[in-house]
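Encoded as structure tokens, here's the structure I'll be asking about.
Only heavy atoms go into these numbers, but all of them, side chains included; no hydrogens, no water, no symmetry mates.
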Amino acid sequence: MSETFRTSHRVLFGQCDHAGIVFYPRYGDMSHMVLENWFREGVGIDLPTSIQRFGAVYPMVKLEMEYLRPSRYNEVLDFALQVLQLGGSSVTVRIVASCGEEVRVRMQLKMVNVNIQSLRPEPMPPEMRAGFARYLAADAQVAEI
């Protein structure tokens, strides 16, 4: 059964523009916050541990965002994350940000398992792959390794 990782974030004053809505690049920052929470709480291996244990980092190589409705200061955004593609060295996730029943932003991000010394892609460690696989969406694509 596929899991969905969920986390929330209250919109801060510094994340808003003069119109009082979230300045769109701040969703990039929020997406990274969601990813860090997912690694730590969902996958069970936070980013510093990934570096120490596996010598691996997960830079984002692709980011797409679709802005549907504005978000305002002090609103609580609920983020839902699922894995769309799981490759040998890459993982693509979908993140949906909502406030109540209203979807505000849809994001799709691709990260690659990269060796911290060579800065080259490498096959991801089995522990990381297993952690990511728990969040595979029903329509996900999985590469054989």
| message | So if I apply the salt bridge (Lys or Arg N to Asp or Glu O under 4.0 Å) rule between R134 and each of E3, E127, E41, which one comes out positive? | response |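 Passing option: E3.
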| message | Contact between M30 and V22 at the side-chain level, heavy atoms closer than 4.5 Å - yes or no? | response |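 Yes, at least one pair of side-chain atoms sits under 4.5 Å.
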| field | Heavy-atom side-chain proximity of Q82 to L84 below 4.5 angstrom | value |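 Counting from C-beta outward, Q82 and L84 never come under 4.5 Å.
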| query | What heavy-atom pair brings R6 and A80 nearest, and what distance separates the two atoms? | reply |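 Looking at all heavy atoms of both residues, the closest pair is NH1-CB, 3.6 Å.
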| query | Side-chain contact, heavy-atom cut-off 4.5 Å: Y24 with M65? | reply |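 No - every pair of side-chain heavy atoms lies 4.5 Å or more apart.
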| How long is the gap from CG on D139 to CD on Q85, to the nearest 0.5 Å? |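 Here the interatomic distance stands at 10.0 Å.
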| request: Determine whether V105 and I95 make a side-chain contact, defined as any pair of heavy atoms from C-beta on separated by less than 4.5 Å. | output: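 Of all side-chain heavy-atom pairs linking I95 with V105, none is under 4.5 Å.
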| task | Could you tell me whether the side chain of N113 and the main chain of P123 form a donor-acceptor pair under 3.5 Å? | result |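 Yes; at least one donor-acceptor contact below 3.5 Å.
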| query | Hey, are the side chains of M60 and S31 touching, using non-hydrogen atoms and a 4.5 Å cut-off? | reply |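 Yes, side chains in contact.
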| task | Take the angle between the ring planes of F79 and H9 and call it parallel below 30°, perpendicular above 60°, tilted in between. | result |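 Taking H9 first and then F79, their aromatic rings sit tilted (interplane angle of 30° to 60°).
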| Side-chain contact, heavy-atom cut-off 4.5 Å: W38 with V83? |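 When only atoms from C-beta onward are counted, V83 and W38 do touch, with a gap below 4.5 Å.
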| Looking at R104 and E102, does any basic side-chain N land under 4.0 Å from a carboxylate oxygen? |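 E102 and R104: salt-bridged.
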| field | Reported CD-to-CZ distance for the pair E66 and R106, which is rounded to 0.5 angstrom | value |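 Here the interatomic distance stands at 5.0 Å.
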| message | Closer than 3.5 angstrom, by distance alone: can the side chain of D17 be matched with the main-chain N or O of G20 as a donor-acceptor pair? | response |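 Present.
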| Would you say the side-chain atoms of D78 and S8 include a donor-acceptor pair closer than 3.5 Å? |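 Yes, S8 and D78 have a side-chain donor paired with an acceptor closer than 3.5 Å.
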| query | For the residue pair N74 and R10, what are the closest heavy atoms and their distance? | reply |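 Distance-wise, the nearest heavy atoms are O-NH1, 2.8 Å.
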| Which distance, rounded to the nearest 0.5 Å, do you find between the CD1 of I116 and the CD of E122? |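 One gets 11.5 Å once the value is rounded to the nearest 0.5 Å.
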| request: Decide yes or no on side chain to side chain contact (heavy atoms under 4.5 Å, CB included) for R120 and N115, but give the supporting numbers first. | output: CA-CA 6 Å; R120 304 290 303 160; N115 178 287; 5.6 Å; no
| Is any side-chain heavy atom of V57 closer than 4.5 Å to a side-chain heavy atom of L47? |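 No, too far: nothing below the 4.5 Å cut-off.
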| task | Supply the atom-to-atom distance Q52 CD to D46 CG, rounded to the nearest 0.5 angstrom. | result |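 Interatomic distance, Q52 CD to D46 CG, rounded to 0.5 Å: 8.0 Å.
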| task | Return yes if some donor-acceptor pair links the side-chain N/O of S89 with the main-chain N/O of V112 below 3.5 Å, else return no. | result |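 Checked: no pair found.
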| task | Output the distance between atom CE (M107) and atom CG (L63), rounded to the nearest 0.5 Å. | result |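 That separation rounds to 8.0 Å.
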| message | Between V93 and F5, is there a side-chain heavy-atom distance shorter than 4.5 Å? | response |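 No - every pair of side-chain heavy atoms lies 4.5 Å or more apart.
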| task | Please state whether the rings of F132 and Y58 are parallel, tilted or perpendicular, taking 30° and 60° as the class boundaries. | result |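 F132 vs Y58 ring planes: perpendicular.
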